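Quick caveat, the model's predicted, so the values are computed rather than measured.
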Amino acid sequence: MASENKTTTDSNLTEQKLVVRDLSLSCHIGLTEEERLRPQRLKLTLELTLNPVPVINDEIDETINYGVLVKKVRNVCLETKVKLLETLANDISETCFFDDRIKIVHMRIEKLDRYPDVAGVGIEITRTRS
């Protein structure tokens, strides 16, 4: 087992990022009532910069649980009543600061079916813990 053969190096963990790539979601969003009547497919990518803390004991509480993060993001989309993708991006990114170890949230969110000749339209934002 690789964990039994740990070696010590003269190095420091300087950065840690958690990535959720191409999460598929559906939600009722749009400027018009007609647009909001049917769920729209969205694609979301998150990159969270963490306070770098090395995992020593191979335990989930030493890091951010991906499952918790994805569930929180899905819940925001299920409960949303917003018109703009920009507003949804702000709401989702705020939700991502559920753990004090999260310093920066960078995200991209796209509507996949808005225009038949475009793969996706969306917004990319970065938020930093104040």
Heavy-atom closest pair, residues Q16 and N51: OE1-O, 3.7 Å

Under 3.5 Å, which donor-acceptor pairs do the side chains of residues 66-89 form with other protein atoms, sequence neighbours left out?
{"residue": "N75", "atom": "ND2", "partner": "K71", "partner atom": "O", "Å": "3.4"}
{"residue": "T80", "atom": "OG1", "partner": "V82", "partner atom": "N", "Å": "3.3"}

Under 3.5 Å: donor-acceptor pair, side chain of R129, backbone of I102: yes

L23 and T45, any side-chain heavy atoms less than 4.5 Å apart: no

Qualifying residues under side chain to side chain contact (heavy atoms under 4.5 Å, CB included), relative to L37, sequence neighbours excluded: E33

Min side-chain heavy-atom separation K43-R41 under 4.5 Å: no

Rounded distance [0.5 Å steps], OG in S26 versus CG in D113: 8.5 Å

L48 to C96 - nearest heavy-atom pair and separation: CD2-O, 4.2 Å

Donor-acceptor under 3.5 Å (E47 side chain, L18 main chain): no

Hphob cluster co-occupancy, I123 + I104, side-chain heavy atoms under 4.5 angstrom: no

Hydrophobic cluster membership, L112 vs L42, 4.5 Å side-chain cutoff: no

Partner set under side-chain hydrogen bond (donor to acceptor under 3.5 Å, both in side chains) for Q40, not counting sequence neighbours: E35

Check: I109 and I92 side chains under 4.5 Å, non-hydrogen atoms: yes

Non-neighbouring partners of V118 that pass side chain to side chain contact (heavy atoms under 4.5 Å, CB included), sequence neighbours left out: Y115, V121

Counterpart residues, side-chain hydrogen bond (donor to acceptor under 3.5 Å, both in side chains), relative to E124 (two or more places apart): H106, R108

From CA spacing to verdict: side chain to side chain contact (heavy atoms under 4.5 Å, CB included), K17, E15: CA-CA 7 Å; K17 291 192 179 187; E15 186 172 73; 3.5 Å; yes

From I29 atom CD1 to R38 atom CZ, the distance as rounded to the nearest 0.5 Å: 12.0 Å

Side chain to side chain contact (heavy atoms under 4.5 Å, CB included) between E62 and V53, worked out: CA-CA 8 Å; E62 294 180 286; V53 178; over 6 Å; no

Heavy-atom side-chain contact between M107 and I125 under 4.5 Å: yes

Residue pairs involving residues 92-101 (criterion side-chain hydrogen bond (donor to acceptor under 3.5 Å, both in side chains); sequence neighbours excluded): E94-R127, D99-R101

